[in-house]
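Along the sequence shown, the residues carry numbers beginning at 1. Given the structure is predicted, the values throughout are model-derived calculations rather than measurements.
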Amino acid sequence: DTAQRLLVEHNSSYAVGALKKLLASGAHPLGRLHALWTLEGMRRLELPTIRLALHDADWRVRSAAVRVSEPVLGGRKRDQLLSDVMALESDAQPNVRLQYMLTISAVGIARTDDSIARVLKSDAHNLYIRDAALSGMRARELPFLTRLCADPAWSAKGAGRDQLFASLARSVMNEASPKRVSALLDLIGKDHPAWQQDALLLGVAQVGKLRFNHHLMLIAESPDRIVDRMDDPHVKAALKYIAWPGKPGYVPPPPPRPLTADEQARFAAGQVVYSKTCIQCHKIDGRGQEGLAPPLMNSDWVLGSENRIARIVL
């Protein structure tokens with residue numbers, strides 16, 4: 001550990017050749033592992049070196065090699081290394097497959113999403129594999145879910161598959177985007193196996209119960225395919241915290257009371273601050289920007305405790 005730290009701190013080019021030799025022909029996996037991470041810390045990793053580690057005989061070195069490949073997979077040289085990384089999709093060691101899923105889920109192209117679906121076909125029972133697959137999807141959950149629903153290989157219920165579908169539905173619901181929630185409800189209403197529909201409805205209901213202290217209002221018309229099944233307890237629970245124009249039994253909240261003179265003065269002062277500072281990222285409508293600033297509109301962080309939002313701003 002001390003040798004690795006000192007080599008990284010000094011970053012001497014004299015050590016690079018010896019480290020590459022150790023990684024290529026070292027007798028002990030621990031030594032090869034240290035050589036890999038030392039080169040990474042010195043920023044001296046090159047594609048041939050990463051490829052060598054990806055094919056190492058020891059699973060711990062292979063797993064680490066997948067991890068250190070992430071900067072390359074997120075850059076211009078991705079296509080030069082992607083095939084080597086994806087060769088570990090069916091690695092016999094579960095820990096390698098776990099790191100593979102953590103890394104590949106963030107790439108976000110059709111080829112890698114196909115790979116995620118293939119791994120999940122056999123590993124959906126593994127909680128960690130499922131979570132790893134979801135960890136880097138970043139708003140790709142709905143198209144990925146649509147892909148699975150259209151695949152006949154996913155029509156049969158298997159261990160962990162219902163948990164996976166529920167997790168994907170929860171991810172979509174957590175975005176609190178009326179457009180995407182409407183698309184999710186439309187997907188649920190199509191002719192899918194009962195276990196898929198029940199799992200998706202469960203995911204929708206879980207988020208509504210835990211997150212929404214007010215109804216999520218859909219912009220479009222009612223999700224007719226689901227509304228027709230309101231007698232189903234799963235459907236009823238899922239739609240409890242979702243509203244749309246003309247929803248039977250929905251009572252819109254009363255309009256806000258008029259501001260006092262003091263409140264109006266604070267509102268005007270806040271408007272000035274927002275227009276000068278906050279608007280750059282959260283935008284004029286408060287909807288934010290994906291990957292940069294979260295939405296303020298209908299946000300529990302904003303509409304909840306005043307102490308909480310004050311601390312965030314401070």
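Of the residues listed (Asp123, Leu102, Asn126), the one engaging Arg97 in a side-chain contact (heavy atoms from CB on, under 4.5 Å) is Asp123, and it is the only one.
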Full working for side-chain contact (heavy atoms from CB on, under 4.5 Å) between Val207 and Tyr241: CA-CA 9 Å; Val207 173; Tyr241 299 95; over 6 Å; no

So Leu82 and Ile104, side-chain contact (heavy atoms from CB on, under 4.5 Å) or not? Walk me through it. CA-CA 9 Å; Leu82 185 57; Ile104 215 71; 4.0 Å; yes

Would you sort out whether Leu164 and Leu148 count as a side-chain contact (heavy atoms from CB on, under 4.5 Å), showing the intermediate values? CA-CA 11 Å; Leu164 172 65; Leu148 297 188; 4.1 Å; yes

Given Leu202 and His234, is the side-chain contact (heavy atoms from CB on, under 4.5 Å) satisfied, shown in steps? CA-CA 7 Å; Leu202 176 62; His234 296 288; 5.7 Å; no

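In the hydrophobic clustering of ILVMFWY residues, with side-chain heavy atoms under 4.5 Å counting as a link, Leu22 and Val16 come out apart. By the rule that hydrophobic residues join a cluster once side-chain heavy atoms approach within less than 4.5 Å of another member, Met86 and Leu47 end up as members of one cluster. A continuous path of Ile, Leu, Val, Met, Phe, Trp and Tyr side chains, each step under 4.5 Å between heavy atoms, connects Ile116 with Tyr128, placing both in one hydrophobic cluster. Both Ile109 and Val66 are members of a single hydrophobic cluster when ILVMFWY side chains are connected at heavy-atom separations under 4.5 Å.
For the residue pair Gly304 and Arg308, the shortest heavy atom distance occurs at CA-NH2, 3.9 Å. The minimum heavy-atom distance linking Pro29 with Val61 is given by the pair O-CG2, 3.9 Å. The shortest non-hydrogen separation linking Ala132 to Ser105 is O-OG, 3.3 Å. In terms of heavy atoms, Met137 sits closest to Leu168 at SD-CD2, 4.3 Å. Contact record, Val204 with Ala169: N-CB, 4.3 Å, taken as the closest heavy-atom pair. Between Gly41 and Val8 the shortest heavy-atom distance is O-CG1, 3.7 Å.
Side-chain atoms of Ser167 and Arg170 include a donor-acceptor pair closer than 3.5 Å. In this structure, a donor-acceptor pair under 3.5 Å is present between the side chains of Ser83 and Arg111.
Between Leu81 and Arg51 the shortest side-chain heavy-atom distance falls below 4.5 Å. In this structure, the side chains of Leu184 and Leu145 come closer than 4.5 Å at one or more pairs of heavy atoms. Between His192 and Leu187, the closest side-chain pair of non-hydrogen atoms falls below 4.5 Å. Between Arg161 and Lys121 the shortest side-chain heavy-atom distance falls below 4.5 Å. Using a 4.5 Å heavy-atom cutoff, the side chains of Phe165 and Cys149 are in contact. For the pair Leu36/Arg60, no side-chain contact is recorded, criterion being any heavy-atom separation below 4.5 Å from C-beta on. Here the side chains of Gln289 and Pro294 are not in contact, with every heavy-atom distance at 4.5 Å or above. For the pair Tyr100/Ser115, a side-chain contact is recorded, criterion being any heavy-atom separation below 4.5 Å from C-beta on.
The CD atom of Glu46 lies 9.5 Å from the CZ atom of Arg44; values are rounded to the nearest 0.5 Å. Taking CD from Gln196 and NZ from Lys190, the interatomic distance works out to 12.5 Å, rounded to the nearest 0.5 Å. Atoms CD and CZ, from Gln93 and Arg62 in turn, are 7.0 Å apart once rounded to the nearest 0.5 Å. For the atom pair CG (Leu239) and CG (Leu185), the distance works out to 6.0 Å, reported to the nearest 0.5 Å. Atoms CE and CG, on Met101 and Asp131 in that order, are 10.5 Å from each other to the nearest 0.5 Å. Leu19 contributes atom CG, which lies 9.0 Å from atom CD of Gln4 (distance to the nearest 0.5 angstrom).
For Arg43 (side chain) and Asn11 (main-chain N/O), no donor-acceptor pair under 3.5 Å exists by modelled atom type. Listed for the Glu141 side chain is a donor-acceptor partner under 3.5 Å among the backbone atoms of Ala139. Side-chain atoms of Trp195 come within 3.5 Å of backbone N or O of Ser155 as a donor-acceptor pair. In this structure, Thr103 contributes its side chain and Gln99 its backbone to a donor-acceptor pair below 3.5 Å. Side-chain atoms of Thr38 come within 3.5 Å of backbone N or O of His34 as a donor-acceptor pair.
The environment of CD1 in Ile284 is sparse: at most 12 heavy-atom neighbours from other residues, nucleotides or ligands sit within 6.0 Å. Counting heavy atoms of neighbouring residues, nucleotides and ligands inside a 6.0 Å radius, atom CZ of Arg67 does not exceed 12 of them. Around OH of Tyr274, the count of heavy atoms belonging to other residues, nucleotides or ligands within 6.0 Å exceeds 12. The number of heavy atoms from other shown groups lying within 6.0 Å of CD (Glu9) is above 12.
Electrostatic pairing of Arg287 and Asp285 counts as a salt bridge here, judged by a charged N lying under 4.0 Å from a carboxylate O. Ionic pairing of Asp262 and Arg266 is present here: one or more N-O contacts between side-chain nitrogen and carboxylate oxygen are shorter than 4.0 angstrom.
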